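Below: one structure, written as structure tokens.
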There are 2 protein chains.
Amino acid sequence: METSLPSGHTPALPSGHTPAACRAREILERIGDKWSLYVISQLSDRTKRFNELKRDIDGISQRMLTVTLRGLERDGIVSRTMYPVMPPRVDYTLTPLGRTLLDTVGFLIHWAEEHVEEIETTRALYDTRVERFHTPE
Amino acid sequence: METSLPSGHTPALPSGHTPAACRAREILERIGDKWSLYVISQLSDRTKRFNELKRDIDGISQRMLTVTLRGLERDGIVSRTMYPVMPPRVDYTLTPLGRTLLDTVGFLIHWAEEHVEEIETTRALYDTRVERFHTPE
DNA sequence: CCGCATCCCTTAGGATACTG
DNA sequence: CAGTATCCTAAGGGATGCGG
């Protein structure tokens with residue numbers, strides 16, 4: 001297993017011609033959904049409990065946190081430990097597989113925060129241009 | 001602007017406590033959707049035309065290619081050049097901003113393909129466990 | 001405290017047909 | 001060739017209430 005980055009241009013993967021690439025999409029959709037990146041990021045430094053995650057990820061609903069965690073657990077990216085105590089206690093932590101995503105996830109979030117201003121400006125410009133085209137007056 | 005990877009653990013970003021982080025989510029959703037990663041990847045080595053992309057990205061519909069390209073263009077990740085000829089010709093290429101994503105995109109796709117087997121096995125195992133719980137017999 | 005079940009609305013996204 | 005327009009279904013995702 002090589003962890004080195006395929007620097008520069010990837011050989012422009014077949015993206016569906018081979019069965020493997022086709023199935024890879026399902027996996028990317030898992031971590032590419034609305035919340036997974038943030039859950040992974042929040043677990044980057046240590047194990048956390050359910051409500052701790054809920055507090056730290058601003059705007060996530062209880063339902064979506066559950067759904068997201070289940071998905072990540074199903075894929076073997078997050079592991080779940082339940083302690084049969086009262087009140088219940090559940091710990092979530094990254095698996096070794098999950099940890100292999102940390103650099104990339106960190107980079108993506110970093111990248112997004114770095115370019116927020118730039119992209120929002122570009123968007124605004126684009127939108128006014130399109131508006132001009134569509135409004136008659 | 002530092003392009004170096006925040007290796008290991010990110011400082012577990014606030015993910016919404018600051019306005020910047022909150023807005024960053026919208027940007028991540030853009031490249032985290034179903035097709036963007038593949039479009040970016042396909043443009044990694046060179047400019048391509050519309051139908052060329054459509055051919056190369058297996059399974060994408062004409063509509064979704066249009067929608068995805070518009071979104072990427074709006075964010076300044078892809079640039080669009082239209083030649084007023086007959087038949088029409090439109091070229092798509094990555095902007096400098098778009099190129100800064102190449103390593104990460106390449107890594108993600110590579111990562112997904114690398115772990116397809118592993119994850120599918122984990123999924124299947126997880127599903128049978130859950131099934132056991134829910135089916136009475 | 002953790003989380004499942006339900007309701008319900010919104011969005012994503014595929015199929016198809018038509019245009020400059 | 002490179003789209004737009006329309007229709008329609010499935011999935012996403014929030015709110016709320018209940019249960020161990």
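Bear in mind the structure is a predicted one, so any value in this text is a computation, not a measurement. Reminder, nothing fancy here: chain letters follow the sequence lines and each chain counts from 1.
If you take CD1 on B/Ile57 and NZ on B/Lys48, they are separated by 8.0 Å, rounding to the nearest 0.5 Å. A/Leu94 CG to A/Ile77 CD1: the interatomic distance, rounded to the nearest 0.5 Å, is 9.0 Å.
With hydrogens and angles disregarded, no donor-acceptor distance shorter than 3.5 Å links the side chain of B/Arg55 to the backbone of B/Phe50. The closest donor-acceptor contact from the side chain of B/Arg123 to the backbone of B/Glu118 lies at 3.5 Å or more, if one exists at all.
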Under 3.5 Å, sequence neighbours excluded: what are the donor-acceptor pairs made by side chains of residues 66-74 of chain B?
from	atom 1	to	atom 2	distance (Å)
B/Thr66	OG1	B/Gln62	O	3.0
B/Thr68	OG1	B/Met64	O	2.7
B/Arg74	NH1	A/Asp127	OD1	2.9
B/Arg74	NH1	A/Asp127	OD2	2.5

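An OP1 or OP2 oxygen of C/dC1 is reached within less than 4.0 angstrom by no side-chain nitrogen or oxygen of A/Arg49.
The minimum heavy-atom distance between B/Ile109 and B/Ser41, with the atom names listed, is CD1-CB, 3.7 Å. Of all the heavy atoms in B/Leu108 and A/Leu108, the pair that sits closest is CD1-CD1, 3.8 Å. Here the shortest heavy-atom pairing between A/His115 and B/Leu97 reads CD2-CD1, 3.2 Å. Of all heavy-atom pairs spanning A/Trp111 and A/Ile119, the tightest one is CH2-CD1, 3.9 Å.
Checked against side-chain hydrogen bond (donor to acceptor under 3.5 Å, both in side chains), A/Arg30 has the following partners two or more places apart in sequence or in another chain: A/Asp33, A/Ser36. With sequence neighbours excluded, the residues satisfying side chain to side chain contact (heavy atoms under 4.5 Å, CB included) with A/Arg49 are A/Glu52, A/Arg89, A/Asp91.
One atom, NZ of B/Lys54, and another, C1' of C/dG13, lie 14 Å apart when rounded to the nearest Å. One can place CD1 of A/Ile60 at 12 Å from P of C/dG3, the figure rounded to the nearest angstrom. What separates CG of B/Leu69 from C1' of D/dG3 is a distance of 11 Å, to the nearest Å. Atom C1' of nucleotide D/dA2 and atom CD of B/Glu73 are separated by 14 Å, given to the nearest angstrom. Atoms CG (B/Leu65) and C1' (C/dG13) sit 13 Å apart, rounded to a whole Å. Computed from coordinates, the A/Phe50 CZ to C/dC1 C1' distance equals 9 Å when rounded to whole Å. Going from atom NZ of B/Lys48 over to atom C1' of D/dA2 covers 17 Å, rounded to whole Å.
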Sub-3.5 Å pairs of nitrogen or oxygen atoms, protein against nucleotides 9-13 of chain D:
from	atom 1	to	atom 2	distance (Å)
D/dG13	N7	A/Arg63	NH1	3.3
D/dG13	N7	A/Arg63	NH2	3.4

Please list each protein N or O that sits under 3.5 Å from an N or O in nucleotides 17-19 of chain D, with the distance.
none

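Non-hydrogen atoms lying under 4.0 Å from DNA chain C are contributed by B/Pro88, all within residues 75-93 of chain B.
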